[in-house]
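Data block below; observations after.
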Amino acid sequence: MDAAIVDIRDAWKSYHLEEVEIPAVRGVSLAIPAGQFVAVTGASGSGKSTFLHLVGCLDRLDRGAYLFEGQPVESLSRRQLAALRNRRIGFIFQSFNLLARTTILDNVALPLSYQGVERRERRRRAAEMLERVGLSERLTHHPNQLSGGQQQRVAIARALVTRPAVLLADEPTGNLDSVTSQEIMGVLQAVNRQQSVSIILVTHENDIAAYAERQVVFRDGLIVRDVCGTAA
Ligand code: ADP
Ligand code: MG
């Protein structure tokens, strides 16, 4: 078997509201090989987003173990974690999260500035990524001049410009109509195949999940189903 990019063992995570403990992830184990495209589905409140936050090192496990590219995440300092998130992990969300007053070229180039990449090179790599997602004619536009589907393409380019090992997507088609959703899934499928980036995509729609090669289903903070099937 290929080495796992993400290897989570018996992960637990609760939230605390005053005196009340809300268990969100209750003993989840999942190993994801390099290049795999995984869909995570399940009812609202089943722990999908909490799990994705753990995978993305946005939050720490209460209990359990997490190896990212073979390295125990628990042993990393805050600075090392921030570097790991910036270099190895890309994120996209339902609400694009683009900077409104910034051109799409500079939106996509931004993650590279945290790596100290020089401006010319940043812009060259950003333009290249935008071309891959079909937006090379739009480099100087601002996000509000683009459709929702185009804005999500920008967010995908921004997430991939650092050449991460894994792309995490939380309901990325949640704000898009069904035709645009299919287009975005086509873009994700292409980058998964061409750039061998692993993708973990959270969705509550089965036709969206069908684009992935593996389906993981959450219920009440647990994985209740984990099947591999051929991609759509
Ligand atoms: P999903 O993404 O599948 O809808 P979540 O991971 O967002 O599920 O939520 C799992 C559980 O944790 C739910 O019971 C939810 O209400 C609770 N929860 C999520 N985020 C918070 C938070 N910030 N504070 C308190 N409870 C939360
Ligand atoms: Mg969620």
Side-chain angles (χ1 to χ4, degrees), residues 5-32 36-66 68 73-74 78 81-82 84-85 89-98 148-149 151-152 155-156 158-159 164 166-178 180-182 184-185 187-188 192 197-229:
I5 294 282
V6 163
D7 187 354
I8 290 194
R9 300 177 190 169
D10 195 27
W12 293 73
K13 183 75 193 176
S14 292
Y15 296 101
H16 298 273
L17 287 179
E18 297 176 5
E19 302 294 284
V20 184
E21 180 179 347
I22 301 163
V25 167
R26 302 186 300 134
V28 165
S29 300
L30 191 68
I32 297 172
Q36 194 169 56
F37 190 166
V38 184
V40 174
T41 58
S44 177
S46 59
K48 306 183 298 295
S49 292
T50 303
F51 177 71
L52 209 66
H53 275 72
L54 296 176
V55 174
C57 303
L58 295 170
D59 226 335
R60 287 182 185 262
L61 285 60
D62 294 338
R63 198 139 64 79
Y66 180 10
F68 187 91
V73 167
E74 304 92 88
R78 289 174 76 94
L81 265 185
L84 176 100
R85 277 198 306 267
I89 302 174
F91 294 93
I92 58 172
F93 303 94
Q94 183 169 343
S95 57
F96 326 129
N97 295 2
L98 302 173
Q151 290 186 54
Q152 194 60 294
I156 291 169
R158 180 184 56 185
V166 57
L167 174 65
L168 306 179
D170 198 346
E171 307 269 8
T173 62
N175 280 337
L176 304 175
D177 63 71
S178 64
T180 308
S181 296
Q182 309 290 333
I184 290 298
M185 292 310 296
V187 171
L188 291 177
N192 170 245
V197 60
S198 304
I199 300 181
I200 308 177
L201 174 137
V202 165
T203 179
H204 59 265
E205 292 170 273
N206 288 333
D207 58 331
I208 296 298
Y211 280 84
E213 53 188 301
R214 179 176 178 187
Q215 271 85 30
V216 170
V217 182
F218 271 66
R219 187 190 299 151
D220 298 334
L222 287 167
I223 292 178
V224 293
R225 195 172 143 83
D226 181 357
V227 291
C228 289

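Atoms within a ligand are numbered from 1 in the order they appear, just like the ligands themselves. All residue numbers in this chain count up from 1 along the given sequence. For clarity, every value in this text was computed on a predicted model and none was experimentally measured.
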Review point. Who gets closest to atom 7 (O) of ligand 1 by heavy atom: Ser44, Gly47, Ser46, Ser49?
Key: Ser49
Review point. What's the verdict on salt bridge (charged side-chain N to carboxylate O under 4.0 Å, His left out) for Asp220 and Arg26, showing C-alpha distance, side-chain angles and the deciding distance?
Key: CA-CA 8 Å; Asp220 298 334; Arg26 302 186 300 134; 5.1 Å; no
Practice item. Can you pull out the closest protein heavy atom to atom 3 (O) of ligand 1? Residue, atom name and distance to 0.1 Å, please. Key: Lys48 NZ, 2.8 Å
Check your understanding: Do you see a donor-acceptor pair shorter than 3.5 Å between the side chains of Tyr211 and Gln182?
Key -> yes
Point to revise | Salt-bridge criterion met for Asp59 and Lys13 (N-O under 4.0 Å) | key: yes
Check your understanding: Within Ser44, is some N, O or S atom less than 2.8 Å away from the Mg ion (ligand 2)?
Key -> no
Practice item. Scan the protein's non-hydrogen atoms and note whether one is under 4.0 Å from atom 16 (O) of ligand 1. Key: no
**Study point:** CZ (Arg60) with more than 12 external heavy atoms under 6.0 Å
**Key:** yes
Review point. Using a distance-only test with no angle check, is there a side-chain donor-acceptor pair under 3.5 angstrom linking Ser29 and Asp10?
Key: no
Exercise for review: Output the distance between atom CD1 (Ile92) and atom OG1 (Thr173), rounded to the nearest 0.5 Å.
Suggested key: 9.0 Å
Review point. Strictly under 4.0 Å, does any heavy atom of Gly42 approach an atom of ligand 1?
Key: no
**Study point:** Per-atom contact, atom 25 (C) of ligand 1, protein heavy atoms, under 4.0 angstrom
**Key:** yes
Check your understanding: Should you measure from each heavy atom of Ala24, which atoms of ligand 1 turn up under 4.0 Å away?
Key -> 10 (C), 11 (C), 12 (O)
Review point. So is Ala43 close enough to ligand 1, meaning a heavy atom under 4.0 angstrom away?
Key: yes
**Study point:** Minimum-distance protein heavy atom relative to atom 5 (P) of ligand 1
**Key:** Thr50 OG1, 3.7 Å
Point to revise | Plane angle bin for Phe91 and Phe93 - parallel if under 30°, tilted between 30 and 60°, otherwise perpendicular | key: parallel
Check your understanding: Looking only at protein heavy atoms, which one is nearest to atom 22 (C) of ligand 1, and how far off is it?
Key -> Tyr15 CD2, 3.5 Å
Revision key, fill the gap. among protein heavy atoms, the one nearest atom 10 (C) of ligand 1 is Gly45 O, 3.5 Å
Practice item. Report yes if some heavy atom in the side chain of Gln36 is under 4.5 Å from a heavy atom in the side chain of Ile200; otherwise report no. Key: no
